[in-house]
Chemist: 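The structure follows.
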Amino acid sequence: MSEKNKPENQKITDLKMHHKDGDGKILTTNQGLKVNDTNNSLKSGERGATLLEDFLLREKITSFDHERIPERIVHARGSGAHGVFELTASIPQFSKAGIFNDLKRKTPVFVRFSTVAGSKGSADLARDVRGFAVKFYTEEGTWDLVGNNMPIFFIQDAMKFPDIIHAVKPEPNREIPQAAAAHDTFYDFISRSTETLHNHIWAMSDRAIPRSFRMMEGFGIHTFRLINEEGEAHFVKFHWKPILGVHSVTWDEAVKINGADPDFHRRDLWDAIESGQFPQWEFGVQIVPQADEFKFEFDLLDPTKLIPEEMVPVQIIGKMTLNRNPENFFAETEQVAFLPGHIVPGIDFTNDPLLQGRLFSYRDTQLSRLGGPNFNQIPINRPIVETHNNQRDGMMQTEIPKGQTAYFPNSLGGGCPHLSKISEGAFHSYEEKIDAKKIRERSESFNDHFSQPALFYRSLAKWEQQHVAEAYTFELGKCEHEYIKERMLWLIAQIDTDLAAEVAAGLGLKIPDAIEQPVNQAIGADAEVERQQPPAQKNYLNQSPKLSQANTKFDSIATRQIAVLVADGFSMQHYKRMADALEKEGAVLKLIAPHGGVVICDENMEYAVDASITTTESVLFDAVFIPGGKKAIDKIKQEAKFLKFINEAFKHCKAIAVNEEGGSILDETYVAKHKDDKAVLINQNPIEFIKAIAKHRNWDRIEVAKNIPV
Ligand code: HDD
């Protein structure tokens, strides 16, 4: 996207003050000294030793030596983008926040998507929760909504966060495995902490291997509060709903994508924005009146529980559009600091014990990650409004506060900076009545660990359930200790016996009648043992259809990547007809040929090849089209990789369209016996192909697909 077409907003303007562009400029030192040689160090003679005097060498090397900062302890791998949030329905009855009332505002946002467990350089398609963190630069200060792509969390109390993260991260003795939960320490922990089972079954579902960041839901997870002008509170859960629907890849694809393009999600986000196909989400709220706090059969403060949308509908009140890529990965995506403690008047916290712990952790972690308390002065972290207070000095202070005073109250500084009234927009914590004993306990009301995992599983389509069973089987199959697998099997059986039976068969184990060791046998943890015994499941809702990806949107092929398999002599007519129809709907066609460079169609015109078959893979595309042209098809048939490409697309339940001679290729593949498949389109109108791609996958093919040996 050209510089002049890039969308602007108040935060972008602010960041521009810090842009640096060396284009057409002379190379200098950090002091502005012009440099005429940056290739050779200063030596005593041409072949002599390097001199300590060489300040040019020292400046360059010192800077390089310190280029890295500690990666995030979790969510180290991420991709960011700028955008804008617009309100579509104001909610003054619930919140006085400007962002929820002013329909004319375009609030700048910066969003960072991430995986949780892997290191900064890990591959994008790990089976993992995805972070979905949004920084709203509002006129009343910055609000950070630091959420995930799943609506619940693994644990109920922040006290357990270091434990679960240590369990999922590579094992400390040998630093294995990278970006994978499938190992003993994770399942040792999970099977001893049954509160994790709800988030865990989501992680076993397709939600953990998204097709794109742009096709994920986002959730604030915790119950927050909204506060109106009268000071009245309502409970709220925040939701992001992608315009393109929620779609995922299969596990077999995920494994292969990680090799073929480890940056698959990062590239997909970047390319979509660069091409002007801006990712969008609707923003919604689930509102619960304070008076209904105890109306549910779960605790609103328990972050391992969702409120089914069938019980409390999501009201859509806004829209977010990501429309500009960062200028510099490190300066923006790496240095951005999200803090759940960043809120604005009209929004407040609840006593969710996980949220309360987060309010400490995020500020604390920035101190070591970004080097001190002034991380808020880094351009990407600066609010768009002025800030004034008596905080001073510290590492990397970049501001020059004027005046004699740095305390409050003062008279020497004229009492400034002075306080604001609540009526003039000052933040005022919600005055929650508290009359309680100080205790280190978990509330009884947090104890139901099985009803919602079971509700989730019951709500999935057959093919989604099958994917869950396969995921459990894979993950537990990677564990080495049988008793850990057995304990997991027993716990899965408490969620669904058929699911457990399928996983057990895959593992070659039996579901134990009881767990030999208690669920939690840690010394001194009797109360925990008691607490974690599965109580009878509550069935307050048989199914929640909104939880299934089978009920998402299937109305667009915008940004879908279509592989067009060609060689010299391909039919231009077939290609043009299909390309015109698909591109009109926003799809992106890529020509894959036996070689790079150009291919010549049957009407002697040259087309640039997007990728040679040796440099690309079927898993990177959403659908395959093979135009006719006898000469081309004969060539394509000779390349085994083309046949693998088609077989894999078929295995992954993707739409395949062929014209005329193109159809004869199918006879060389596993598609031959399945030409009646509804997403295999032979000489059909492009509209049928468009419909099949919009369906994302033909999951009816799943049983056939299992037996395709590629
Ligand atoms: Fe966290 C980063 C999401 C619980 C401690 N978390 C981090 C990021 C996301 C989340 C999206 C990456 C932000 C970015 O892109 O920079 N975390 C969550 C959600 C949680 C959650 C949705 C539960 C509902 N987190 C959680 C707990 C703790 C932390 C309970 C600690 C007690 N999280 C951190 C952290 C990180 C972080 C260590 C690492 C880097 C950072 O904060 O800035 O402080």
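Read the numbers this way: they start at 1 and go in the same order the structure lists the ligands and their atoms.
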Chemist: Could you tally the protein N/O/S atoms lying less than 2.8 Å away from atom 1 (Fe) of ligand 1?
Modeler: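 There are 1 of them.
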Chemist: Give the atom numbers and elements of ligand 1 that come within less than 4.0 Å of a heavy atom of I221.
Modeler: 22 (C), 24 (C)
Chemist: Any nitrogen or oxygen of R72, side chain or backbone, less than 3.5 Å from one on ligand 1?
Modeler: yes
Chemist: Quick one: look up the protein heavy atom nearest atom 43 (O) of ligand 1 and list residue, atom name and how far away it is.
Modeler: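 Among all protein heavy atoms, the one nearest atom 43 (O) of ligand 1 is Q366 NE2, 2.8 Å.
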Chemist: Tell me yes or no: between the side chains of R112 and H75, is some donor less than 3.5 Å from an acceptor?
Modeler: no
Chemist: Which residue supplies the protein heavy atom nearest to atom 24 (C) of ligand 1, what is that atom called, and how far is it?
Modeler: H222 NE2, 3.4 Å
Chemist: Scan side-chain atoms only and decide if T321 and Q280 contain a donor-acceptor pair under the 3.5 Å cut-off.
Modeler: yes
Chemist: Going by the angle between their ring planes, with limits at 30° and 60°, are H265 and F213 parallel, tilted or perpendicular?
Modeler: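 Tilted: the ring planes of H265 and F213 meet at 30° to 60°.
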Chemist: Donor-acceptor check, side chain of N551 to backbone of P545, threshold 3.5 angstrom: yes or no?
Modeler: yes
Chemist: For atom 15 (O) of ligand 1, grab the closest protein heavy atom and report residue, atom and distance to one decimal in Å.
Modeler: R112 NH1, 2.6 Å
Chemist: Which heavy atom of the protein is the closest neighbour of atom 38 (C) of ligand 1, given with residue, atom name and distance?
Modeler: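 It is I73 CG2, 3.3 Å.
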Chemist: Among all protein non-hydrogen atoms, which one is nearest to atom 11 (C) of ligand 1, and what is the separation to 0.1 Å?
Modeler: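 Protein heavy atom at minimum distance: G147 O, 3.3 Å.
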Chemist: Distance to 0.1 Å, residue and atom name: give those for the protein heavy atom nearest to atom 13 (C) of ligand 1.
Modeler: F338 CD1, 3.9 Å
Chemist: Regarding R382 and Q377, do their side chains bring together a donor and an acceptor under 3.5 Å, going by distance alone?
Modeler: no
Chemist: Just go through L354, D144, D352 and tell me whose heavy atom is the nearest to atom 30 (C) of ligand 1.
Modeler: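 It is L354 that holds the nearest heavy atom.
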Chemist: Can you tell me which residue and heavy atom of the protein come closest to atom 41 (C) of ligand 1, and the distance to 0.1 Å?
Modeler: T365 CG2, 3.5 Å
Chemist: Per the ring-ring contact (aromatic ring centres under 6.0 Å, His included) rule, what does the pair list look like for residues 292-330, sequence neighbours excluded?
Modeler: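 Non-adjacent pairs meeting ring-ring contact (aromatic ring centres under 6.0 Å, His included): F296-F298, F298-Y540.
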Chemist: Classify the angle between the aromatic ring planes of F94 and H234 as parallel (below 30°), tilted (30 to 60°) or perpendicular (above 60°).
Modeler: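 F94 vs H234 ring planes: perpendicular.
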Chemist: Any nitrogen or oxygen of S114, side chain or backbone, less than 3.5 Å from one on ligand 1?
Modeler: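 S114 vs ligand 1: no N/O contact under 3.5 Å.
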Chemist: Does the side chain of S544 pick up a donor-acceptor pair with the side chain of E310 at under 3.5 Å?
Modeler: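 E310 and S544 do have a side-chain donor-acceptor pair below 3.5 Å.
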Chemist: Answer yes if the ring centres of F219 and H239 are under 6.0 angstrom apart, and no otherwise.
Modeler: yes
Chemist: Verify the distance criterion only: is there a donor paired with an acceptor across the side chains of T223 and K237 at less than 3.5 Å?
Modeler: yes
Chemist: Quick check, are the ring centers of Y472 and W251 under 6.0 angstrom apart?
Modeler: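 They do not qualify: ring centres at least 6.0 Å apart.
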